[in-house]
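First the structure, in the form of structure tokens, and then the observations on it.
Per chain, numbering begins at 1; letters A, B, ... match sequence-line order.
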There are 2 protein chains.
Amino acid sequence: MDTALRLLNEVGLEGLTLRTIARELDVKAPALYWHFKDKQALLDEMATEMYRRMVAGTALDPDDTWRERLLKANRGLRAALLGYRDGARVFSGSRFTGTEHAEQMEDVLRLLTAAGLTLAQAARATSTTYLYTLGFVTEEQGVQPLPGERREGYDMDERARLLADFPLAAAAGAEIFADYDRHYEEGLALLIAGIGAQYGID
Amino acid sequence: MDTALRLLNEVGLEGLTLRTIARELDVKAPALYWHFKDKQALLDEMATEMYRRMVAGTALDPDDTWRERLLKANRGLRAALLGYRDGARVFSGSRFTGTEHAEQMEDVLRLLTAAGLTLAQAARATSTTYLYTLGFVTEEQGVQPLPGERREGYDMDERARLLADFPLAAAAGAEIFADYDRHYEEGLALLIAGIGAQYGID
DNA sequence: AGTAGCACTTAACAGCGTTAAGGAGAGTGC
DNA sequence: GCACTCTCCTTAACGCTGTTAAGTGCTACT
């Protein structure tokens with residue numbers, strides 16, 4: 001897992017072949033089949049390990065308000081996904097192998113229901129923020145594989161030229177394809193404001 | 001494009017090989033390279049065509065309120081993505097080839113700014129709802145490739161057994177992995193409520 | 001009649017995930 | 001001390017993938 005995750009950051013999801021991983025481990029590719037049923041099982045395990053490291057790296061306070069908790073949990077998730085090239089795609093294409101993820105979820109749901117939400121509302125709130133975060137980072141990593149790098153084909157000047165006939169869309173694009181940190185926060189704030197308003201809690 | 005999109009629904013993104021498409025067209029695989037630079041260019045064109053059909057299939061009223069417009073546009077997007085197996089993954093892994101998509105975007109932005117939002121706010125509102133919808137459908141299609149079908153490995157009974165120690169998470173899961181239509185609407189409503197509240201418009 | 005360009009074929013390449021068969025080495029039971 | 005079992009790996013191969021190179025008819029124009 002350690003080798004696979006390190007390699008993921010170097011070569012990306014597309015370059016992450018069984019032969020590459022095996023070579024890094026001084027082993028031949030079929031040897032991996034002793035440890036994993038197939039490549040998907042390996043990716044599942046990678047996603048689970050990413051999640052484990054995320055939980056370990058996110059400090060959660062039991063006295064968080066529901067707003068604080070949703071903010072922290074989702075920021076933590078985004079940070080974890082951004083820590084790996086194609087992190088969001090690996091994540092959303094895989095399933096967790098254990099039940100550890102349920103632990104944090106249980107905790108969040110307990111906190112949200114204690115704050116006055118019904119279970120259904122709490123589930124909707126966590127799920128919606130989760131899906132937003134995942135969608136956001138997926139797009140973000142499509143443009144910016146690792147913080148600092150930029151994928152080719154996203155030339156903003158050319159985009160501006162092409163969209164000359166659509167001034168609002170052109171200006172909005174400049175807005176959208178830059179400063180991801182701030183824009184993520186704004187979107188998340190919208191969602192949390194919506195939860196408060198719609199479910200009548202603060 | 002027509003053949004490729006039809007085939008996508010039959011065999012899924014994984015089964016959509018150049019040889020399959022070529023066979024369906026009574027042609028050999030390398031012939032496709034006369035028309036497309038590479039497979040990604042073909043996928044980009046497929047995504048663009050999906051978008052075109054979406055626009056054609058979504059009735060937009062110029063007198064929509066901003067809430068109606070955001071609802072319609074995102075429902076239309078979800079419906080379009082659900083119309084193709086792995087639609088969301090094709091979509092988020094590709095880039096539009098033309099500038100047609102800017103037209104609808106321009107329209108939405110004009111409507112939102114006319115309703116009292118700044119351009120930055122309008123961009124944030126559209127982008128956040130878009131990313132939510134994309135994230136939602138990506139997960140939805142991971143469980144349910146086409147409406148009616150269900151991917152294997154999502155046995156709710158077994159899930160309930162595994163999560164016996166986490167009653168809230170178990171109950172929330174039953175909530176989350178079913179009735180996608182309703183849950184999508186609820187999440188979208190949360191977001192739109194948040195936009196109204198945060199930006200002080202109705 | 002000759003030339004240019006279009007749309008295609010055949011052949012091949014390296015690389016992919018995966019399977020089958022077998023082998024070295026440690027540990028256990030008699 | 002020998003046989004057996006289990007673990008972890010290797011070698012060889014399979015069918016498949018996207019992609020390139022080279023060549024082949026066909027149409028249209030000069």
Whole angstrom is fine here: how far is it from [atom1] in [X] over to [atom2] in [N]?
X: B:Asp26; N: C:dC8; atom1: CG; atom2: P; result: 11 Å
X: A:Leu32; N: C:dC16; atom1: CG; atom2: P; result: 13 Å
X: A:Trp34; N: C:dT19; atom1: CH2; atom2: P; result: 15 Å
X: B:Lys28; N: C:dT10; atom1: NZ; atom2: C1'; result: 9 Å
X: B:Glu14; N: D:dG18; atom1: CD; atom2: P; result: 11 Å
X: B:Ile21; N: D:dC16; atom1: CD1; atom2: C1'; result: 15 Å
X: B:Phe36; N: C:dA7; atom1: CZ; atom2: P; result: 12 Å
X: A:Arg19; N: C:dT19; atom1: CZ; atom2: P; result: 13 Å

Output the single nucleotide from [options] whose closest atom is nearest the side chain of [X].
X: A:Pro30; options: D:dA12, C:dT10, D:dG18; result: D:dA12
X: B:Val27; options: D:dC9, C:dT9, C:dG17; result: C:dT9
X: B:Leu18; options: C:dA11, D:dG18, C:dG17; result: D:dG18
X: B:Tyr33; options: D:dT20, C:dC16, D:dA12; result: D:dT20
X: B:Ala31; options: C:dG17, C:dC8, D:dC9; result: C:dC8

Worksheet item: So is A:Arg78 actually on top of A:Tyr184's ring, under 6.0 Å and inside 45° of the axis?
Response: yes
Discussion item. Taking the cut-offs as 6.0 angstrom to the six-membered ring centre and 45 degrees off its axis, would you call B:Arg159 and B:Phe177 a cation-pi pair?
Written reply: no
Worksheet item: In terms of the angle between their ring planes, are A:His101 and A:Tyr51 parallel, tilted or perpendicular, with boundaries placed at 30° and 60°?
Response: perpendicular
Worksheet item: Only one of B:Glu14, B:Glu140, B:Glu149 clears salt bridge (charged side-chain N to carboxylate O under 4.0 Å, His left out) with B:Arg85; which?
Response: B:Glu149
Worksheet item: At under 4.0 Å, does any side-chain N or O of A:His35 touch on OP1 or OP2 of D:dC9?
Response: yes
Item to complete: Run the salt-bridge test on B:Asp61 and B:Lys72 with the 4.0 Å N-O cut-off and return the result as yes or no.
Response: no
